[in-house]
2 protein chains.
Amino acid sequence: MGQEQKIASAPTTATDDKPLKKSGYHHGDLRAGLIEATRRLVEEKGPDGFSVSDACRLAGVSTAAPYKHFKDKTEMLVAMVLEGMQRHRAKMLASLEGLPEGSPDRVTALGREYVTFALEENGIFRLKFGGFSDRLDDPRLQAAGEETFGIVLREVAACIGESDVTPEVRRRGFMLWSFVHGLSFLLLDKKLSDMSGGVELDNLLSDIARRVLQD
Amino acid sequence: MGQEQKIASAPTTATDDKPLKKSGYHHGDLRAGLIEATRRLVEEKGPDGFSVSDACRLAGVSTAAPYKHFKDKTEMLVAMVLEGMQRHRAKMLASLEGLPEGSPDRVTALGREYVTFALEENGIFRLKFGGFSDRLDDPRLQAAGEETFGIVLREVAACIGESDVTPEVRRRGFMLWSFVHGLSFLLLDKKLSDMSGGVELDNLLSDIARRVLQD
DNA sequence: TCGCAAAGTTAGCATCTCTTACATATGTTA
DNA sequence: TAACATATGTAAGAGATGCTAACTTTGCGA
């Protein structure tokens, strides 16, 4: 008790132009602070362990403060997931840099980034995919998801020699997505005991990519 | 409102030896009734939408009644998941009947059964795998899961010509599990719009089985 | 400098939750 | 039939939650 520290901002850039935390009454960027608090809490306690009150406590504000920035508890969660997906997308794109066009390594890299994100930011992952789609059915979330999947499809098309996103490309892409998606969940639930380090993971990913992309 | 019907028993056999629903004061088998109510509620409202009170309302008893049968809310959920996994296991075994030993069709059949169960009984599926493993860490659940996975491993071994569950068998089995697991989640979240009917699903499953089991 | 809008706070309502202590109904067995 | 164990109901406690209304502080722009 009482060991919690206030959250000022997302853990991203050190060179922010906006001051995110001021001294007293005004928080600076409470919206970002609450999103970050939400992220941490969902990560620790699971999607249903999250409460607005907890987020306020963690962010160091009163329980009424969030309602100046979010309409709802749900909107807090949506905002948090949305922000996470943008980070995810950026990371996936970054992981492609330096790898030759049309190489299966690019698909493997995307897969690794997917699994890594799911493990590191499992709060976001579980909220988005853990069966809360009824309550979090914001169209922005769906759009963001499709955009991310588009990245994969482009790489798959290049690998199997299609210039367009044909039904076959979709099919293969969906296979790969299913695989990394399931792998993420199983790793999260610690169903794989002997996968130590990232080496085995890389093997598995490239092996699957090869099998799905071939002939 | 008021259209709900009391739950008497699990929707399984019609020839039960124990009477599951009697007339007035005594429910007959309230334990089973509550498990069934729990199942329905988690299915409808999601894992976190479940409350003991709701289950009582649905089962037609007072809110104190469950505590004669379960220690806890958690124990209700565990019991419900456990019972579901036993049904799941039985169905998987039944799906193998009539298929020749060592045939990849057996693996495909298991996969289809997995996905079907996840879709039909998604409450159980989501509770077991949706990230609630911290709160539902009962050893019986883990044991049941490993036993089910054992069924798959046996078939995989037969398919790739191993007589034992070697590391390679585990590896392939894990690939297949990841795939059907992820596929289940994606289908649940309606991420695949164009997979109409079960035909495409069968194609996908046998295709994946072939790719993972070959060479 | 002054006033106003934005951002926070305090207080509280209404509701729902899980759980228990105790009373009551029922089925069973001697 | 009488007594006892089991199964249920009643009532209530102790909290937490989401959200709103009304008040206060702060920063910024005219």
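Chain letters run A, B, ... following the sequence lines, proteins first and then strands; every chain starts at 1.
- Rounded to whole Å, the distance from CG on B/D29 to C1' on D/dT6 is 14 Å.
- B/L127 contributes atom CG, which lies 9.5 Å from atom CG of B/D48 (distance to the nearest 0.5 angstrom).
- Between B/H69 and D/dT6, a side-chain N or O to OP1/OP2 separation shorter than 4.0 Å is absent.
- Between B/Y114 and B/F129, the angle of the ring planes lies from 30° to 60°, which puts this pair in the tilted group.
- The overall bend of the helix from C/dT1-D/dA30 to C/dA30-D/dT1, read as the angle between its terminal helix axes built from five base pairs each, is 10° when rounded to 10 degrees.
- Here the closest non-hydrogen pair linking B/C56 and B/S62 is SG-O, 3.4 Å.
- Checking each of B/Q142, B/Q86, B/R89 against B/E147 for a side chain to side chain donor-acceptor pair (under 3.5 Å) leaves exactly one that passes, namely B/R89.
- Classification of the B/H181-A/F185 ring pair by plane angle, with boundaries at 30° and 60°, yields perpendicular.
- Separating the NZ atom of B/K68 from the P atom of C/dT26 is a distance of 16 Å, rounded to the nearest angstrom.
- Remark: A/D72 engages A/T74, A/E75 in a side chain to side chain contact (heavy atoms under 4.5 Å, CB included) (not counting sequence neighbours).
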Inset, instruction - Heavy atoms under 4.0 Å is the rule here; annotate nucleotides 14-21 of chain C 5' to 3' with B where the base is hit, S where only the sugar-phosphate is, and - elsewhere. - result: ---SSBBB
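- Atom P of nucleotide D/dT8 and atom CZ of B/R31 are separated by 13 Å, given to the nearest angstrom.
- Screening A/R40, A/E36, A/R39 against A/M80 for a side-chain contact (heavy atoms from CB on, under 4.5 Å) leaves a single residue, A/R39.
- Panel note: side chain A/R106, backbone A/L99; a donor-acceptor pair is recorded below 3.5 Å.
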